[in-house]
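What follows is one structure encoded as structure tokens, with my remarks underneath.
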Amino acid sequence: MSGRYDFDFVAIGGGSGGYNGARVAAAHGLRTAVIDGARPLSGLCILRGCMPSKTLLYSAAVLHRAQQGRKFGLRIPVAKADFAAVQARKRRIIGEFAADRVKSLTSGKFELIREPAHFVDPHTVELAGGRRVTSRFFLIATGSVPNVPDIPGLAAARAWTSDEALDAAVRPQSLIVLGGGLVGVELAQYFARMGTSVAIVQRGPQLLRGHSPESAEVVAAALREEGVGLYCGAALERVDWKRRGFEVVFKQGTRRLRLRAGRCLNALGRHAATSRLNLAAAGVTAGDDGQIDINRHQQTSVPHIYAAGDCSGPVEIVHIAVQQGELAARHAAKVKPLHPIDYGLLINVVFTDPQLATIGPSAAKLKEDQVPCVSASYPFDDHGKSILMEAKRGYVKIWAHAENGRILAAEIVGPDAGELIHLFTGPMAMKATVHDLLRAPYYHPTLSEIITYPLEEIAGKLS
């Protein structure tokens, strides 16, 4: 270590990417620090993202099952939400997760500096109190913040972001959700199941842009059945706050529509939280949206400065942020061999009911890349375990290479899809074929055994 620097490795941000980068750097002998001025600590996933949203969604799912008791021959006279109790449970659980992360951050394996910082040159950051900290390597892992697009009235209308929606103390009677992506559809279903009248206004032609139209329509059909209004292909014109609530004006085709609700949720995406870092002083390049440019080793345009997680992309997924932070630390520590992240194994999960999960490239990407492949699917409404569960929406679809049968991708929309998709993660990492997966036993009756049907169909096409 050169004596001219205070540290070997400094992570700016103590969330999933920054914490895990610091943990690995310290484990490899680098003198390490984490700089994070957030109050409280723990990062987006624990405090305002994955964990609180999935805690609330699970409560809503239990309520929904109870309300569907007649389907199972059960008499449940009353099943309704205690909104305050649901929120109290969430706060307790998230508090435990956050306390565990804080314990890790303050374990003494690295120094924790509780002030915001910005760059003054490529090897130096200045803290809010004026102290300057130097380091051989930096890892930027500052996450993301909700996006507020330039829609007339939106910025001034006091619309919720996901932060406020997840912490709502009182259930709104009505809610307009702007955006039909992952955050929008998950929170729309949560509030609808808790008793709120909900409508989604989506700019694109389908919900869940980036997913296949077929899988998105399965989720859309479930939302419509539960009373959620869906307005896709909407051109938002303005959002207004009026004395009795919100008014959203948009065009759908040739029609101009107005929706009114007590609350409005801005779920129109997020952007990198890098505006306060003074990246220019460090020479780090970023796009117009603030997202930092990186190479396959997480290096920015300045080789000793790395970036990981939402602030660098290419996706906003926690396990990817963890992998990226760890990769950056190993690269800085000159660990060999070094394996860049394989985005061909990218997993996505949407925690609606039914869930939607994918692994690997989309069908459109496989076609664009002219990959010779065969595919097959099988529906949950013809599968024993899902039928007895009254969980009959959706399907499993698998793509395999046409020449050697190697599994290339899978898409599951249906019960527990987020769990079932992991039937493919290990095999795909090991480049397994359809025939390899068919050699494994699958217990009956389980949801997992449904994958044998498309596997057998593909095997037949390959023979």
Side-chain angles (χ1 to χ4, degrees), residues 1 5-52 91-146 163 166-167 270 272-279 281-282 284 290 292 304-312 318 321-322 324-326 328-329 332:
M1 183 187 82
Y5 299 114
D6 299 318
F7 297 97
D8 292 321
F9 189 94
V10 168
I12 305 175
S16 298
Y19 163 68
N20 285 285
R23 176 182 57 79
V24 171
H28 285 287
L30 300 185
R31 187 180 176 210
T32 302
V34 171
I35 297 176
D36 194 326
R39 299 287 191 275
L41 277 173
S42 290
L44 174 65
C45 172
I46 292 175
L47 297 175
R48 300 181 302 280
C50 315
M51 300 314 295
R91 287 193 297 271
R92 174 178 56 79
I93 290 173
I94 299 311
E96 293 170 356
F97 292 143
D100 187 64
R101 172 59 58 83
V102 170
K103 182 179 178 180
S104 297
L105 285 166
T106 56
S107 64
K109 295 178 182 177
F110 44 77
E111 185 171 334
L112 176 63
I113 301 172
R114 298 288 281 113
E115 294 182 63
H118 64 271
F119 284 98
V120 294
D121 65 49
H123 282 283
T124 310
V125 294
E126 183 173 283
L127 306 178
R131 173 189 166 194
R132 293 192 171 190
V133 175
T134 61
S135 181
R136 289 172 59 206
F137 301 100
F138 284 97
L139 168 63
I140 303 171
T142 47
S144 63
V145 293
D163 293 356
L166 291 171
D167 281 340
R270 302 180 68 87
T274 57
S275 62
R276 299 179 181 179
L277 292 175
N278 194 17
L279 295 177
V284 173
I292 298 170
H304 71 270
I305 300 177
Y306 303 83
D310 291 4
C311 69
S312 63
V318 169
V322 172
Q324 290 177 334
E326 293 176 345

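Hydrogens, waters and symmetry mates play no part in the numbers below; they use all other heavy atoms, side chains included.
- Under the ring pair (Phe, Tyr, Trp, His ring centres under 6.0 Å) criterion, His28 pairs with no residue, sequence neighbours left out.
- Here the side chain of Thr32 pairs a donor or acceptor atom with the backbone of Leu30 at under 3.5 angstrom.
- Take Thr124 and apply the side chain to side chain donor-acceptor pair (under 3.5 Å) test, not counting sequence neighbours, and it matches Asp121.
- Between Thr274 and Val284 the shortest side-chain heavy-atom distance does not fall below 4.5 Å.
- Contact of the Arg276 side chain with the Pro116 side chain is not registered, since no non-hydrogen atoms from C-beta on lie closer than 4.5 Å.
- With sequence neighbours excluded, no residue forms a side chain to side chain donor-acceptor pair (under 3.5 Å) with Asp100.
- Between atom CD1 of residue Ile292 and atom CG of residue Leu279 there is a gap of 5.0 Å, rounded to the nearest 0.5 Å.
- From Leu105, atom CG reaches atom CZ of Phe110 across 5.0 Å, with rounding to the nearest 0.5 Å.
- By the side chain to side chain donor-acceptor pair (under 3.5 Å) test, Glu111 pairs with no residue at all, sequence neighbours left out.
- Using a 4.0 Å cut-off between a side-chain N of Lys or Arg and a carboxylate O of Asp or Glu, Asp8 and Arg31 do not qualify as a salt bridge.
- Annotation for Arg131: atom CZ counts as buried by contact number, over 12 foreign heavy atoms lying within 6.0 Å.
- Remark: Ser135 OG to Ile305 CD1 distance equals 9.5 Å, nearest 0.5 Å.
- Side chain of Asp310 to main chain of Ala272: no donor-acceptor pair is present (N/O by atom type, distance under 3.5 Å, no hydrogens or angles).
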Going by atom type alone, with no hydrogens or angles, which donor-acceptor pairs under 3.5 Å involve a side-chain atom of residues 9-22 and a protein atom two or more places apart or on another chain?
from: Asn20; atom 1: OD1; to: Arg23; atom 2: NE; distance (Å): 3.2
from: Asn20; atom 1: OD1; to: Arg23; atom 2: NH2; distance (Å): 3.1
from: Asn20; atom 1: ND2; to: Ser16; atom 2: O; distance (Å): 2.7

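- Rounded to the nearest 0.5 Å, atoms CD1 (Ile94) and CG (Asp167) are 10.0 Å apart.
- Inter-residue side-chain proximity for Leu44 and Ser144 is flagged as met; some heavy-atom pair is nearer than 4.5 Å.
- Residues Thr142 and Ala273 come closest through the heavy atom pair OG1-O, 2.8 Å.
- No donor-acceptor pair under 3.5 Å is formed between the side chain of Arg136 and the backbone N or O of His123.
- The ring pair (Phe, Tyr, Trp, His ring centres under 6.0 Å) check on Phe119 picks up Phe138, with sequence neighbours excluded.
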